[in-house]
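First up is the structure itself, then whatever we jot down about it.
Side chains included, hydrogens not; waters and symmetry mates left out as well; all remaining heavy atoms used. Letters A, B, ... are given to chains in the order of the sequence lines, protein chains preceding strands, and every chain is numbered from 1.
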Amino acid sequence: DDPAAYFAEVIDADHKIEPRDWMPDAYRRTLVRQIAQHAHSEIIGMQPEGNWISRAPSLKRKAILLAKVQDEAGHGLYLYAAAETLGVSRDELVELLLDGRQKYSSIFNYPTLTWADVGAIGWLVDGAAIVNQVPLCRCSYGPYARAMIRVCKEESFHQRQGYEILHTLAHGTPAQRAMAQDALDRWWYPSLAMFGPPDGDSTHSAQSMAWKIKRFSNDELRQRFVDMCVRQAEILGLTIPDPDLRWNETRQAYDFTQPDYDELMRVIKGEGPCNRQRMEHRRRAHADGAWVREAATAYAVKQRAGAQRERVAA
Amino acid sequence: DDPAAYFAEVIDADHKIEPRDWMPDAYRRTLVRQIAQHAHSEIIGMQPEGNWISRAPSLKRKAILLAKVQDEAGHGLYLYAAAETLGVSRDELVELLLDGRQKYSSIFNYPTLTWADVGAIGWLVDGAAIVNQVPLCRCSYGPYARAMIRVCKEESFHQRQGYEILHTLAHGTPAQRAMAQDALDRWWYPSLAMFGPPDGDSTHSAQSMAWKIKRFSNDELRQRFVDMCVRQAEILGLTIPDPDLRWNETRQAYDFTQPDYDELMRVIKGEGPCNRQRMEHRRRAHADGAWVREAATAYAVKQRAGAQRERVAA
Amino acid sequence: MNGPFDFTLALGDDALVAAQRLGEWATRAPEMEEDIALANIALDQLGAARLLLSYAGELEGAGRDEDALAFLRDDREFRNCLLVELPNGDFAVTMVKLLLLSAYQVPLYTALAGCADERLAAIGAKARKESAYHLDHSALWVKRLGDGTDESHRRAQAAVDQLWPYHHELFTADPAAPVDPAALRADFDAVVSPVLAEATLTRPADGWKPGGGRAGVHTEHLSFLLAEMQVLHRAHPGAQW
Amino acid sequence: MNGPFDFTLALGDDALVAAQRLGEWATRAPEMEEDIALANIALDQLGAARLLLSYAGELEGAGRDEDALAFLRDDREFRNCLLVELPNGDFAVTMVKLLLLSAYQVPLYTALAGCADERLAAIGAKARKESAYHLDHSALWVKRLGDGTDESHRRAQAAVDQLWPYHHELFTADPAAPVDPAALRADFDAVVSPVLAEATLTRPADGWKPGGGRAGVHTEHLSFLLAEMQVLHRAHPGAQW
């Protein structure tokens with residue numbers, strides 16, 4: 001009946017920890033931080049793509065993009081719900097985001113300058129997210145693992161849609177082709193940086209691996225992503241902006257240039273091109289909606305009081 | 001030394017009444033109403049054309065349009081200054097506009113839907129304004145007459161620019177030509193209505209004529225405008241949308257279809273396409289600027305106090 | 001309006017412009033659930049727009065598909081009602097606008113579902129269910145806002161006062177059309193009046209009745225909406241996306 | 001930047017985008033006199049833009065005139081600094097932006113007036129006088145707002161905090177250019193610091209230094225500005241206006 005022993009056993013057996021199970025405080029804190037950051041990323045990540053809904057170049061693409069941005073809001077909701085099973089409320093987590101005390105993925109601090117960026121986000125950013133998240137479907141914490149299964153399914157749909165946008169552009173007019181290459185040029189290294197610092201500099205990784213929250217190191221996942229992209233870029237006919245990218249027969253993997261981790265650190269610190277814009281946008285939407293949320297609460301209170309009166313009178 | 005006799009004498013001799021001269025209260029009230037309405041029209045009239053500054057199709061046209069809208073602000077300022085010589089303040093008059101107790105020209109309650117509308121406003125609306133205003137340069141009240149001389153000079157410059165826009169469009173691509181004709185179709189009758197109701201229904205006219213504020217009747221001015229426009233429309237190669245327009249040898253003037261005066265009354269009453277939009281825009285600009293005006297006042301008070309302290313210390 | 005082409009085009013334009021305005025809310029809604037709901041409604045309107053514009057293009061027979069109609073007409077060629085092109089304003093304006101629009105679209109699509117034209121009937125049958133959801137959603141919000149706080153009541157009443165004049169245009173008689181809009185008026189009133197009453201909102205007196213949208217005479221807002229919506233498509237003539 | 005073409009284009013784009021933003025104030029200024037002043041400044045910037053873009057077109061030698069450069073490039077081809085493309089915000093944001101811009105343009109145009117290229121020298125000689133007026137006007141307003149009411153002080157400080165990071169880009173070294181922007185930094189500081197001090201505003205610490213405009217990597221705002229600015233010109237390819 002030692003809960004710590006039971007916890008160790010479950011982890012060891014590759015079974016799931018569930019909300020009512022005992023868990024170490026650090027395990028809980030790590031999960032809350034990670035799931036919340038993931039949820040925040042979905043919500044903030046709506047902005048760069050949302051930027052193109054009004055300008056999508058065909059009605060079909062507009063519908064696909066609207067549905068995608070909507071899915072991201074849905075992912076945010078499941079993930080906040082998963083975090084809530086660990087004893088924090090969504091409102092608290094949203095406050096932590098708005099205060100800047102919790103982060104979201106740095107990739108969303110880059111601007112979407114052209115329509116091709118919508119394709120590049122789908123292909124590269126969702127692609128990197130999937131590489132990161134597929135192992136999380138086997139994460140030791142049950143609610144998170146289950147949320148990830150659902151998220152990954154939709155993400156891979158999004159990734160195909162993004163790839164398809166780029167494929168159409170890459171096989172379109174010279175201007176469209178140039179737009180696609182330009183997007184790849186700008187999004188390639190930031191996407192590589194999504195896997196985090198190199199393993200030597202990664203602070204939380206070892207413990208997360210032991211707890212089976214994480215299953216592969218940053219560098220392993222980054223390599224998997226590069227290997228996947230190289231083949232896809234060939235089909236697209238686009239050039240990955242890395243002159244040192246080449247197949248390494250010994251490693252049976254591609255050698256590639258690492259992203260600029262100093263830049264990653266600057267962006268995490270708040271000095272990316274759009275950090276302030278993204279946060280201000282989120283804060284403004286939240287503040288502008290306050291009177292609406294208050295009205296909904298006031299109305300619900302009145303309705304409950306009315307129902308109560310009716311029950312009493314009956 | 002009978003001031004009323006002196007007033008009558010000045011009017012009779014076609015000389016000018018000046019601010020310090022005695023004048024009948026009704027004369028003063030009539031002038032304040034008319035000059036204020038004219039000033040308000042300049043300020044509200046900036047909106048329909050201002051709507052196209054951001055989209056002007058060449059940099060030269062953008063500069064000309066910006067300068068024109070700026071001139072209208074300038075006209076507003078001289079006219080408010082002319083009204084102030086009659087003992088009302090600009091702030092009071094602006095309040096009367098914002099409260100809806102004073103009017104502006106109804107023509108500005110129509111929308112500018114295309115670039116050609118900018119041309120049509122210059123040609124027709126400024127053209128009608130000039131026909132109305134040239135006689136006002138001889139108005140019996142000195143400050144108003146002098147303001148009108150300056151305004152008319154700039155207006156005729158604007159009218160030529162508007163005409164030139166339409167001329168270019170009418171001699172351009174088929175789409176440009178259609179745009180020009182469409183603008184003439186929409187602005188023709190509202191421009192005719194600018195001269196006010198027919199003489200039989202005009203309430204203030206007789207007294208204004210006696211006071212030499214007004215020199216010609218609404219219908220006389222309207223006829224003059226139509227005769228002028230017919231020749232100009234021919235040069236443009238555009239068709240005035242009036243199947244009954246024809247030269248009357250006897251009258252030595254064009255017969256034409258009267259505008260819809262019921263529509264004019266509805267627009268004056270507040271039911272034109274843009275009345276609410278124009279007023280809301282003006283009210284919002286005024287309200288949004290309140291903190292700036294307060295800051296300027298507070299700063300000026302501090303500066304004066306500082307200067308005072310320096311003088312005392314000296 | 002004249003024939004089935006004009007009628008279908010006008011309905012398609014209503015739905016397209018409504019979708020465009022609703023899409024502007026993405027990432028800006030007052031709560032996350034509402035971000036999802038508004039996107040849903042925008043997607044429904046966009047879906048209806050695509051069906052209607054595609055069919056309008058076929059009726060016209062000039063080879064214009066949904067994208068040619070959506071992206072290559074200017075505002076003088078759009079036939080939507082003025083209501084849908086008005087700026088979003090605050091959430092109360094958006095919800096009152098959606099209430100008025102869907103209280104018109106529900107009986108419209110219902111009538112269409114029974115009309116002789118099979119294509120229009122199929123579109124109507126699909127869209128009326130979606131519109132019924134839009135009506136429920138907006139009616140609930142209008143009640144919440146109208147009977148919520150003093151602030152929300154003030155905003156909701158201001159929204160009703162601002163938008164009410166624009167509903168008249170929706171019911172302009174057109175006896176030759178597949179569905180005569182004038183016949184839908186009673187259904188509209190039967191839905192909207194109780195919602196406003198329950199929301200403790202005052203139905204404004206009928207006075208000003210702005211119109212012109214069906215004839216392509218719009219407000220100054222539409223050309224800005226189209227400039228943004230069409231910019232990319234127009235910048236690459238003939239390109240595939 | 002590489003040669004005189006890029007340099008001239010960048011300066012022209014700065015002026016054009018600044019004019020476009022200032023033009024958005026027309027009919028919206030806090031007082032009528034300011035409507036006139038802002039239009040004046042917009043006209044000056046537009047005038048400088050026309051001279052610079054025309055000359056850039058000549059330097060390029062590809063037959064592009066001022067309108068081809070203004071209306072037929074997309075945001076990735078614009079070379080303006082990020083500062084000028086940021087939304088207008090409130091009047092404090094607009095005035096602080098104008099202060100930073102004109103405190104850069106005055107020494108820039110002054111240096112240009114003495115440069116070897118006669119055309120650029122003539123443009124510089126004309127524009128520096130206009131920029132000196134813009135600087136006076138914005139400096140006076142920044143003092144009024146900073147040292148006005150609590151509300152105006154708060155807004156002015158927020159504007160300075162928001163915009164300060166964007167001034168760094170203006171002084172990026174470019175030794176090969178007709179005027180090296182890095183050489184203008186001292187003049188800028190000598191003007192701006194006392195204005196902020198007199199306005200009782202705090203100069204923010206230098207941290208984040210956003211850039212990229214000179215390389216065509218802009219904020220998300222620019223493409224919206226251009227969509228609106230270019231819509232009519234692009235809708236009628238080859239037309240004269």
Under the side-chain contact (heavy atoms from CB on, under 4.5 Å) criterion, do A/Val94 and C/Met32 qualify, and how do the steps go? CA-CA 11 Å; A/Val94 166; C/Met32 288 173 208; 3.7 Å; yes

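- Neither the backbone nor the side chain of C/Arg21 comes within contact range of chain A, judged by heavy atoms closer than 4.5 Å.
- There is no contact between C/Ala49 and chain A, counting heavy-atom distances below 4.5 Å.
- Between A/Asp288 and C/Arg28 no salt bridge is recorded (no basic side-chain N to carboxylate O distance below 4.0 Å).
- Looking at A/His281, only its side chain comes within 4.5 Å of chain C, counting heavy atoms on both sides.
- Residue A/Val301 does not touch chain C at all, counting heavy-atom pairs closer than 4.5 Å.
- In this structure, the side chain of A/Gln176 engages the main chain of C/Gln240 through a donor-acceptor pair within 3.5 Å.
- Judged by distance alone, the side chain of A/Arg61 and the main-chain N or O of C/Trp241 form a donor-acceptor pair under 3.5 Å.
- Put simply, CG on C/Asp65 and CG on A/Leu59 are 9.0 Å apart, with the number rounded to the nearest 0.5 Å.
- Interface summary for chain C: among A/Ala298, A/Gly74, A/Ala295, the most heavy-atom pairs under 4.5 angstrom belong to A/Ala295.
- The part of C/Leu46 that comes within reach of chain A is its side chain, from C-beta onward, which places non-hydrogen atoms under 4.5 angstrom from that chain.
- Contacts of A/Ala56 with chain C are made by backbone atoms alone, with heavy-atom separations under 4.5 Å and no side-chain atom involved.
- Heavy atoms only, all atoms of each residue included: C/Ala26 and A/Ile53 are closest at CB-CD1, 3.6 Å.
- A/Thr173 and C/Ala239 make their closest contact through CG2-CB, 4.1 Å (heavy atoms, listed as atom of the first residue, atom of the second, distance).
- In terms of heavy-atom pairs under 4.5 Å with chain A, the best-connected choice from C/His153, C/Glu66, C/Glu228, C/Arg50 is C/Arg50.
- Counting only N and O atoms by type, the side chains of A/Ser58 and C/His233 include no donor and acceptor under 3.5 Å apart.
- With a 4.5 angstrom heavy-atom cutoff, A/Leu77 touches chain C only via side-chain atoms.
- At distances below 3.5 Å, at least one donor-acceptor pair connects side-chain atoms of A/Arg293 with backbone N or O atoms of C/Pro30.
- Heavy-atom pairs under 4.5 Å with chain A peak, among C/Asp147, C/Leu53, C/Asp90, at C/Asp147.
- For C/Leu38, no part lies under 4.5 angstrom from a heavy atom of chain A.
- With a threshold of 4.5 angstrom between heavy atoms, A/Ile43 approaches chain C through side-chain atoms but not through N, CA, C or O.
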Please lay out, stage by stage, how A/Arg90 and C/Glu33 fare under the test salt bridge (Lys or Arg N to Asp or Glu O under 4.0 Å). CA-CA 13 Å; A/Arg90 181 170 114 193; C/Glu33 286 80 358; 2.8 Å; yes

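- Within the model, atoms NZ of C/Lys143 and NZ of A/Lys302 stand 14.0 Å from one another, a figure rounded to the nearest 0.5 Å.
- Contacts between C/Leu16 and chain A at a heavy-atom distance below 4.5 Å involve the side chain alone, from C-beta outward.
- Side-chain contact between A/Tyr299 and C/Leu145: absent, with no pair of heavy atoms (C-beta onward) separated by less than 4.5 Å.
- Contact annotation for C/Asp150: neither backbone nor side-chain heavy atoms come within less than 4.5 Å of a heavy atom of chain A.
- For A/Gln70 and C/Asp35, the side-chain atoms include no donor-acceptor pair closer than 3.5 Å.
- For chain A, the option among C/Arg144, C/Glu24, C/Met95 with the highest count of heavy-atom pairs below 4.5 Å is C/Arg144.
- Remark: A/Arg150 CZ is loosely packed, at most 12 non-hydrogen atoms of other residues, nucleotides or ligands lying under 6.0 Å away.
- Panel note: side chain C/Gln20, backbone A/Ser54; a donor-acceptor pair is recorded below 3.5 Å.
- With a 4.5 Å cut-off on non-hydrogen atoms, C/Phe71 touches chain A through its side chain but not through its backbone.
- In terms of modelled atom types and a separation under 3.5 Å, the side chain of A/Arg282 and the main chain of C/Thr27 share a donor-acceptor contact.
- Environment of NZ in A/Lys60: sparse, with no more than 12 heavy atoms of neighbouring residues, nucleotides or ligands closer than 6.0 Å.
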